[in-house]
Amino acid sequence: MEQIAKVIVDVPTMQTNSPYSYLIPQEFLNQIQVGMRVIVSFGKGNRKVQGMVVGIDDDKSFDGKLKEIDSIMDLQPVLNTELLKLSGYLAESTFSFAITCIQTILPNALKVKYEKELVPATTINDADKAQIFGGQKRLLFESDQLTTQQLSRLLKLKKANQIKINYLVQDRAKAKTEIQIKRTPNVSFLREEFDSIRKGAVQQERLLNYLVSMGEKQVSQSDLIEAADVSSATIKSGEKKKWLTRSRVEVLRDPFKHEVTRTQPLKLQPDQQNAVDAISEKINHSEYSPFLLEGVTGSGKTEVYLQSMAQALSENKTALMLVPEISLTPQMVNRVKARFGHQVAVLHSGLSDGEKYDEWRRIERGDAKVVVGARSAVFAPLNNIGIIIMDEEHETSYKQDESPRYHARDVALWRGKYHGCPVVLGSATPSLETRARAEKGLVTRLLLPNRINHQSLPAVSVVDMKNEISQHKESNFSTELLDAIKLRIQRKEQIVLMLNRRGYSSFIMCRDCGFVLMCPNCDISLTLHMDTHSMKCHYCGHEEAIPKICPNCQSHKIRYYGTGTQKVETELKELLPDARVIRMDVDTTRRKGAHEKLLDEFGNHEGDILLGTQMIAKGLDFPNVTLVGVLNADTSLGIPDYHSSERTFQLLTQVSGRAGRAEKAGQVIIQTFNPDHYAIQLAKSQNYEQFFAYEMKIRHESNYPPYYYAVQITTNAATEAEAAKLMFKIAKQAREVLSDQAIVLGPTPQTIARIKKRYYYQLIIKYKKEPQLNELLTKVLKNSQKLGRNAAKVSINPNPVSFM
DNA sequence: AGCACGCCGACT
DNA sequence: GTCGGCGTGCTC
């Protein structure tokens, strides 16, 4: 008799990170399945928590007395076998709690809300009852809303059993419903009814008229209200008079309100055809196979994706396509929808939890066979996947920077293996890691060396800003760039200007004493935000007024430094008063849909210059853009991280691809203080292969990935000493276990040593093969939990995307 | 996480 | 003497 369920409870700690056994009560005996969410009593207070059933058996090895499962939250499993296994893989490979991984895989709407309510016991005296409950039957218990006196009083009453606490688990997964109206089939009855309504009942008259003419189809109540111009009250009375029937129906939000025009597959170039053939063969044979699709901007990668996905669909399989969040623009999404229509589900951060849940269910029940989405879409509940595509595979945003710190590429490869399907990693500038794996034959390389209509790559020139600065006053614009901009405006062509702002933004500094306004909680300077007229901290959200005089020396010469887009925009307006500038940065795109709106404006030539940060480098295609300017190529080079050259090269190559995509020739001007740096020189010649060879040599010499694996361990504590002490202890443990081949960097304070009033220390371990390491790290994590709540905390980040 | 148990300071 | 501070350990 299988009557014991193994449940992972929703308590994310190390001590509760394994399944707990619960008895399955009689009434659920044949209903509970693995992958369902349940509610169980947990702990001494029997508080209710959500749990995930991960196994069912009759193993009674637990020698305490078992509790029963309280209730089931799902009618059918929300996690299938594959995704459950995947959660295990995630937990193990990222050193995360099983429950955290499960909740990462499931849509947010399936995460419950916990509430507590107070209920008076029958024995409570009237005075207490009246004072606490004030006539109400129950009271929501929010401890942070109560004073300590109130709290202790409640606790006392609870101890005396005068008050009961009810634990509530609220499921937020509500399917959206709407009211559907169907008229009575008896039309002659409706005609007769005209006579029976009161004179002047215009709404009822309009409703009758509409019902008579509407036919037998069902309409939603909201549509009816609009179309017949009646109120919902009128409709309700229509129901009473038997003119119509109302019923509540579950609806799946239709993302295809505005149908896109369908497109047909394009004729492929020979290189594209080779790629599609190679991928299709693996689809047809249900064979796991990782590919690297390497092609410059405009070489037609997207068409290869689309036709490969079409192949999977024709084999009655499904397709998963991942793109960086930033390029999940309507431009991109529409290309997929135009090919596959209503079979496409799109998952992106713009959707509400409810909308995401709707899409998730469409995928799960098989209504959507093609999924397009950003990082977390890699967990889409598709069955029978025929192909997984990851566009711009080098993008670092594919790695999640909170627990579970997974890389979507690893998950994609895992799922590819599980389903037996090709995984296509596409990029113009592949990550060294993937490109190196291709070199070793672990990944099959597919090349698209030519641009589709044989346009030449844009001409790239590099301007040495050191000369510029010495010649004239400080400016963000070199003479060469400014002249080029003027020329395009004259010719009514468009310009994209990129401000490479990674790591920097405008901060305030006193010109007399050098004082920089810092965040009181974090070791970072506050950033100037002109839109809200305030100084903000990008890490903890602290906000304060812009100082008018220096808080340190009272000087009035306190000015902002660094180059923000706002400052550049101001300078542009001074230099070129007639140019229309569209600024795109975190401030102007914060509102939902603002991003698209600005791009549309630029596309309609309502602006001459698109000025923005990194976000304009990706996936935009504006044929009228003939000039791309990079104002400061160096800022990303200056970051003390082994990735900085790779990032800079990728960024410059990518933004250069924005110039001259149509018949007009493009030009790119890169301003830099390091004109001779190889990343900039090789971006100038757009030579990925040479960059790859050179950078690999450097990584080899200095023992960096992809020659070594890396793991980053960080500690944080309320004081610097505590964080450091724990980190040194871990470092000592690590050195004892590791072989001579491993390289330990640190411990060192993190680049931003203090965030939200906590101090951070880190340790990097570079290694090739350390069978003991995983065990050690797990032990370190377990020990850190024993240290108690207020002690220093440890977190582990395998294969970090940067060492900072 | 949240609850109970248990051991020390400052109060009716 | 007790009330209540929060450090510690456990939850099927």
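Below, chain A is the first sequence line, B the second, and so on; all start at residue 1. In what follows, every heavy atom counts, from backbone to side chain, and hydrogens, waters and symmetry copies are set aside.
Atom pair A/Asp10:CG and B/dG2:P shows a separation of 10 Å (rounding to whole Å applied). The interatomic distance linking A/Ile39 (CD1) with C/dC12 (P) rounds to 16 Å, in whole Å. Atom C1' of nucleotide C/dC12 and atom OH of A/Tyr22 are separated by 5 Å, given to the nearest angstrom. Between the P atom of C/dT11 and the CD1 atom of A/Ile8 lies a distance of 16 Å, rounded to the nearest Å. Taking atom NZ of A/Lys48 as the reference point, atom P of C/dC12 lies 11 Å away to the nearest angstrom. Remark: P of B/dG2 and CG of A/Asn46 are 15 Å apart, rounded to the nearest angstrom. For the pair A/Phe42 CZ and C/dT11 C1', the computed distance is 4 Å after rounding to whole Å. Separating the CZ atom of A/Phe141 from the P atom of B/dG2 is a distance of 10 Å, rounded to the nearest angstrom.
When heavy atoms are screened at a 4.0 angstrom cut-off, A/Phe97 is found touching no nucleic acid atom at all. Among the atoms of the strands shown, only primed sugar atoms or phosphate atoms (P, OP1, OP2) are found under 4.0 Å from some heavy atom of A/Lys158. Within 4.0 Å (heavy atoms only), A/Lys6 reaches no atom of the nucleic acid at all.
The side chain of A/Lys67 lies closest to C/dC12 when the candidates are C/dG4, B/dA1, C/dC12. Distance from the side chain of A/Val11 is smallest for B/dA1 among the nucleotides B/dC3, B/dA1, C/dT11.
Aromatic rings from A/Phe62 and A/Tyr20 are positioned such that their centres are separated by 6.0 Å or more. Proximity of the aromatic rings of A/Tyr406 and A/Phe379 is defined here by a centroid distance below 6.0 angstrom, and this criterion is met.
Between A/Tyr167 and B/dC3 there is a side-chain N or O to OP1 or OP2 distance below 4.0 Å.
Distance alone, capped at 3.5 Å, places no donor-acceptor pair between the A/Glu720 side chain and the A/Arg754 backbone.
C/dC12 has A/Phe62 stacked on its base ring, the centres lying under 5.5 angstrom apart and the planes within 30 degrees of parallel.
Using bins of under 30°, 30° to 60° and over 60° for the plane-to-plane angle, the ring pair A/Phe728/A/Tyr761 lands in the tilted bin.
Ion pairing between A/Glu115 and A/Lys113 holds under the 4.0 Å rule for side-chain N and carboxylate O.
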